[in-house]
Trainee: 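Take this structure, written in structure tokens, and hold onto it; I'll ask about it next.
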Amino acid sequence: MTRNLLEPPETLLPENEAAQGELAAGTDPAEVAAHHPTFSAAWAALAEAALDADEHIAAYAYARTGYHRGLDALRKAGWKGFGPVPWRHAPNQGVLRSIAALAKAARAIGEADEFDRCRQLLADSDPASLDATGLA
């Protein structure tokens, strides 16, 4: 299959086995974030837990941190601010989950523009992320 040279290549974040292993072992996401502050999946987990507890401001703050850390990681991996960030690649899911949590927290506090912007970023990155995060 030939790649369309007018479209940017997929951005695939590297594995962080140590951080993922801590989360998989049941380590508190706050502890994982303290050990690995650039690991978006820990921030996403914190944001999702805060959303579940109706703590929308905390969720917004956690998600915003995961979002920014994730964008930094994507840029480091060659992302230019647009192009595919596939959900199927597990290391990408932390940043995509953070963006989704930010959208949900923004909607909960009445920040419609932020909700729309985050939802569009997910759709542009990989429409499968909308289904996976409940934003379809």
Side-chain angles (χ1 to χ4, degrees):
M1 178 154 128
T2 305
R3 185 174 83 78
N4 180 344
L5 297 178
L6 297 177
E7 293 180 17
E10 292 182 339
T11 301
L12 305 176
L13 292 176
E15 296 277 343
N16 185 333
E17 293 178 15
Q20 189 56 51
E22 287 181 30
L23 274 183
T27 303
D28 182 339
E31 197 173 321
V32 178
H35 296 158
H36 309 276
T38 63
F39 187 57
S40 289
W43 296 105
L46 288 165
E48 292 160 350
L51 284 168
D52 288 345
D54 290 329
E55 297 172 359
H56 301 124
I57 299 301
Y60 190 95
Y62 288 135
R64 173 72 61 191
T65 301
Y67 165 87
H68 281 293
R69 291 301 191 141
L71 292 183
D72 290 345
L74 287 170
R75 287 185 193 103
K76 188 175 177 182
W79 187 69
K80 304 292 187 215
F82 60 94
V85 180
W87 174 266
R88 72 178 183 286
H89 183 66
N92 290 353
Q93 292 176 11
V95 65
L96 296 170
R97 286 173 45 218
S98 291
I99 296 166
L102 183 57
K104 291 173 184 178
R107 180 174 53 195
I109 64 172
E111 197 174 353
D113 288 345
E114 179 80 343
F115 170 80
D116 292 339
R117 188 182 64 76
C118 290
R119 193 176 181 291
Q120 188 61 55
L121 179 56
L122 288 173
D124 292 345
S125 297
D126 185 351
S129 66
L130 294 171
D131 287 326
T133 60
L135 287 172

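Numbering starts at 1 and runs along the sequence shown. These numbers were taken from a predicted model, which means no experiment stands behind them.
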Trainee: Please say which of Leu122, Ile99, Val85 ends up in a side chain to side chain contact (heavy atoms under 4.5 Å, CB included) with Ser129.
Mentor: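 Only one option passes, and that is Leu122.
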Trainee: Quick one: does Thr11's side chain get under 4.5 Å of Asn92's, heavy atoms only?
Mentor: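 Side-chain contact under 4.5 Å: no.
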Trainee: Once you round to the nearest 0.5 Å, how far does CG of Leu46 lie from OG1 of Thr65?
Mentor: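 Nearest 0.5 Å value for the CG-OG1 distance: 9.5 Å.
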Trainee: Using a 4.5 Å cut-off on heavy atoms from C-beta on, say whether the side chain of Asn16 contacts that of Pro91.
Mentor: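 No, their side chains stay 4.5 Å or more apart.
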Trainee: Would Tyr67 end up clustered with Tyr62 when hydrophobic side chains under 4.5 Å apart are linked, directly or stepwise?
Mentor: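 No, it is not one cluster - the side chains of Tyr67 and Tyr62 are not joined through contacts under 4.5 Å.
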Trainee: May I have all residue pairs that pass salt bridge (charged side-chain N to carboxylate O under 4.0 Å, His left out) and include part of residues 70-93, sequence neighbours excluded?
Mentor: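 Qualifying pairs, neighbours excluded: Glu10-Arg88, Asp72-Arg75.
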Trainee: How many angstroms lie between atom CZ of Arg107 and atom CG of Leu51, to the nearest 0.5 angstrom?
Mentor: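 Taking CZ in Arg107 and CG in Leu51, the distance rounds to 9.5 Å.
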Trainee: Picking from Glu22, Gln20, Arg69, what satisfies side chain to side chain contact (heavy atoms under 4.5 Å, CB included) with His36?
Mentor: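 Among Glu22, Gln20, Arg69, the one meeting side chain to side chain contact (heavy atoms under 4.5 Å, CB included) with His36 is Glu22.
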Trainee: Is the closest side-chain heavy-atom distance between Trp79 and Val95 below 4.5 Å?
Mentor: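 The answer is no; the side chains never approach within 4.5 Å.
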Trainee: Inspect the surroundings of CG in Asp113 and state if more than 12 heavy atoms from other residues, nucleotides or ligands are less than 6.0 Å away.
Mentor: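 Open.
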Trainee: Which atom pair, heavy atoms only, marks the closest approach of Ser40 to Ser98?
Mentor: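 Closest approach of Ser40 to Ser98: O-OG, 3.4 Å.
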Trainee: Check whether His89 reaches the backbone of Leu13 with its side chain - one donor and one acceptor, N or O, closer than 3.5 Å.
Mentor: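 Between the backbone of Leu13 and the side chain of His89 there is a qualifying donor-acceptor contact (under 3.5 Å).
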Trainee: Are Asp116 and Glu114 packed together at the side-chain level, in the sense that at least one heavy-atom pair is separated by less than 4.5 angstrom?
Mentor: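 Counting from C-beta outward, Asp116 and Glu114 never come under 4.5 Å.
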Trainee: Could you tell me if the side chain of Pro29 sits less than 4.5 Å from the side chain of Leu23, heavy atoms only?
Mentor: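 Answer yes - side chains close enough.
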Trainee: Could you grab the distance from atom CZ of Phe115 to atom CG of Leu135, nearest 0.5 Å is fine?
Mentor: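 Separation between the atoms: 5.5 Å.
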Trainee: Roughly how far apart are Leu102 CG and Leu121 CG, rounded to 0.5 Å?
Mentor: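 Separation between the atoms: 9.5 Å.
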Trainee: Indicate yes or no: at least one non-hydrogen side-chain atom of Asp131 is less than 4.5 angstrom from one of Trp87.
Mentor: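 Contact flag for Asp131/Trp87 side chains = no.
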Trainee: Please check this pair: side chain of Lys104 against backbone of Thr133, looking for a donor-acceptor N/O pair closer than 3.5 Å.
Mentor: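 Yes, because the side chain of Lys104 sits within donor-acceptor range (under 3.5 Å) of the backbone of Thr133.
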Trainee: When rounded to the nearest 0.5 angstrom, what distance separates CH2 in Trp43 from OG1 in Thr38?
Mentor: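 Answer rounded to 0.5 Å: 10.5 Å.
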Trainee: Nearest 0.5 Å, please: how far is CZ in Arg119 from CG in Asp124?
Mentor: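 Answer rounded to 0.5 Å: 10.5 Å.
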